[in-house]
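Whatever order the structure lists ligands and atoms in, that order sets their numbers, starting from 1.
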Amino acid sequence: MESSLNAARRARELDEVRTGVVDVLVVGLGVTGAGAALDAASRGLSVAAVDAHDLAFGTSRWSSKLVHGGLRYLASGQVGVAWESAVERGVLLRRTAPHLVAAHPYLLPLTSDVGPGEAATVMTGYRLGDALRAAAGTPRSLLPGPSRLTAARALALAPSLRPHGLRGALLSWDGRVVDDARLVVAIARTAAAHGARVLTRCRALALAGDGARVRDELTGAEFDIRARAVVNATGVWAGGLVPSVALRPSRGTHLVLRPGALGALRAGLHVPIPGERARFALVLPQADGRIYVGLTDEPLDGAVPDVPEAPESDVAFLLEVLGGVLDRPLGRDQVAGAFAGLRPLVDGPGGAGGAGRVGGATADLSRRHAVLRSPDGVVTVVGGKLTTYRRMAEDAVGAACPHAPASRTARLPLAGAGPVRPGLPRRLVLRYGAEAGAVLDLMRREPELAEPVAAGITLADLVWAVRHEGALDAGDLLDRRTRIGLVAEDWAAALPAAEAALYRT
Ligand SMILES: Cc1cc2nc3c(=O)[nH]c(=O)nc-3n(C[C@H](O)[C@H](O)[C@H](O)COP(=O)(O)OP(=O)(O)OC[C@H]3O[C@@H](n4cnc5c(N)ncnc54)[C@H](O)[C@@H]3O)c2cc1C
């Protein structure tokens, strides 16, 4: 079956799901829901999967994009969580998404804020993390081990660091996804290739164990989808559909710096947060040259917004922390954009494997996921992280459909994984993996599509997203299939191209 998602397929499959009964209805198409749709469809079950907005509309596009081995969980004694992360990182790097996930180096600059004792403790942690990598079967060739660098070497990799007082740096490696929203798109398309009906702009209004009342947000039409099992994968919004699910969302903010803002930066940075032991802000260079600086961890009180705002207090905090290691601190005017996401942390000792601490700081709540069954049979899967989405999906589908065949996703390559035609442009290979050749062919057939739009994106990327990646409007194109929209003026400049791409089907 075709993996391409587009408006014509959506219209056809929307008609199909109104009649009959599917084995599994998945609600929410972030990384967890897309993963559940793929897990169920690849077990041979019939699947409908809906999202109120778009693929990766929620938290899944606001992550730090780390596919991490769970080092910080080791530090807090959550060995099971760390192990699960290391195993899932290996699955993505080696088998399912080698085109989207790769190793990336990070420097921890040894400034006066990091004493020799703390540096030794961090290095011990890195070595333990490396042992976990080996135990999880991920070879060093895919994820190199840690080492200590001289100050000169650190400055060669990160020239904007303040040389004065720099004793060197600790170098560590971890996995990183090239774009979290694109990971979700790849998972959803792979699910579609296994027959899942992936329907965006379809909001679940009410859930029950045998289906949901759904509204097509494009027409306002309401209808029922009948299902033998229902998985609620709506992240921070899960409690809106299943009120017994108690969450404590926590806000994480990132800054977006323009390419070159930190010189020729060739590694990420772990920046010590002054006054806190072994807590770091992150500097994360992206494939498009932009640099993200994150990240905060603030409990969110009150209603959960559709798109969280990054408050100025978070921006000022991150600039101040970053300034602590830079030769020339950055001003507010050098911040091109900022974004915030909400972690769907499970509240209460029962939810998150018993490790959550009720009433404490959200930074201390467990990052383990929970699979919760409500009395009417709806299975909610929540918590966890991007890195462990596959395991979360397997657990959720296993709970919802206990008699289904075993999960196959640990060995199932995602759309775009596979051999790449030699000689293709690196930008296309990084973005499309094995599909890069098809995108290049599109540009050759329609040469005017090679026109650049913004942030390294061309009109061809936008047209491809409309034809194959389920983009239905300019927001889908600029905010999720590409990340142009992270900088407001880039969004405005690219809008005419996005509108042109939507009419060019
Ligand atoms: C700031 C930040 C940084 C992070 N960094 C990392 C990282 O580096 N590495 C990592 O592994 N993890 C990271 N995480 C965690 C990770 O991003 C999340 O755990 C994960 O993305 C949650 O995905 P999800 O699919 O469960 O939820 P979401 O992505 O929020 O998806 C839920 C979906 O449900 C839909 N929905 C809601 N209500 C309805 C309804 N009524 N009907 C239909 N659809 C509905 C929404 O539109 C949304 O698309 C980070 C989290 C944050 C906040």
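- Distance check, rounded to the nearest 0.5 Å: CG of Asn232 to CG of Leu241 gives 5.5 Å.
- Heavy atoms of other residues, nucleotides or ligands lying less than 6.0 angstrom from CD of Glu222 number more than 12.
- When only non-hydrogen protein atoms are considered, atom 25 (O) of ligand 1 lies nearest to Thr32 N, 3.0 Å.
- Cation-pi geometry between Arg61 and Phe57 is met: the NZ or CZ atom falls under 6.0 Å from the ring centre, inside 45° of the normal.
- Contacts between His68 and ligand 1 below 4.0 angstrom, taking non-hydrogen atoms only, involve the side chain exclusively.
- The closest non-hydrogen atom to atom 22 (C) of ligand 1, taken over Gly35, Gly30, Ser60, Ala233, comes from Ser60.
- Proximity of Leu241 to ligand 1, defined as any heavy-atom pair under 4.0 Å, is confined to the side chain (atoms from C-beta onward).
- Between the side chains of His254 and Ser64, at least one donor-acceptor pair of N or O atoms lies under 3.5 Å.
- Contact atoms of ligand 1 toward Ala52: 42 (N), 43 (C), 44 (N), 45 (C) (distance under 4.0 Å to a heavy atom of the residue).
- Residue-ligand proximity: Val236 is placed with every non-hydrogen atom at 4.0 Å or more from ligand 1.
- Ranking the protein heavy atoms by distance from atom 42 (N) of ligand 1 puts Ala204 N, 3.0 Å first.
- Looking at Val27 against ligand 1, only its side chain comes within 4.0 Å, counting heavy atoms.
- Side chain to side chain, Asp51 and Thr200 fail the donor-acceptor criterion of an N or O pair below 3.5 Å.
- Compare Asp297, Val67, Leu386 by their heavy atoms: the one nearest to atom 16 (C) of ligand 1 is in Leu386.
- Ring geometry, His270 versus Tyr106: the interplanar angle falls under 30°, so the pair is classed parallel (tilted spans 30 to 60°).
- Taking any N or O of Ser64, backbone or side chain, at least one lies under 3.5 Å from an N or O belonging to ligand 1.
- Considering backbone and side-chain atoms together, Leu295 places no N or O closer than 3.5 Å to any N or O of ligand 1.
- Counted by atom type alone, Asp297 and Ser250 present one or more donor-acceptor pairs between their side chains at under 3.5 Å.
- Between the choices Thr234, Thr59, Thr296, the shortest heavy-atom distance to atom 39 (C) of ligand 1 belongs to Thr234.
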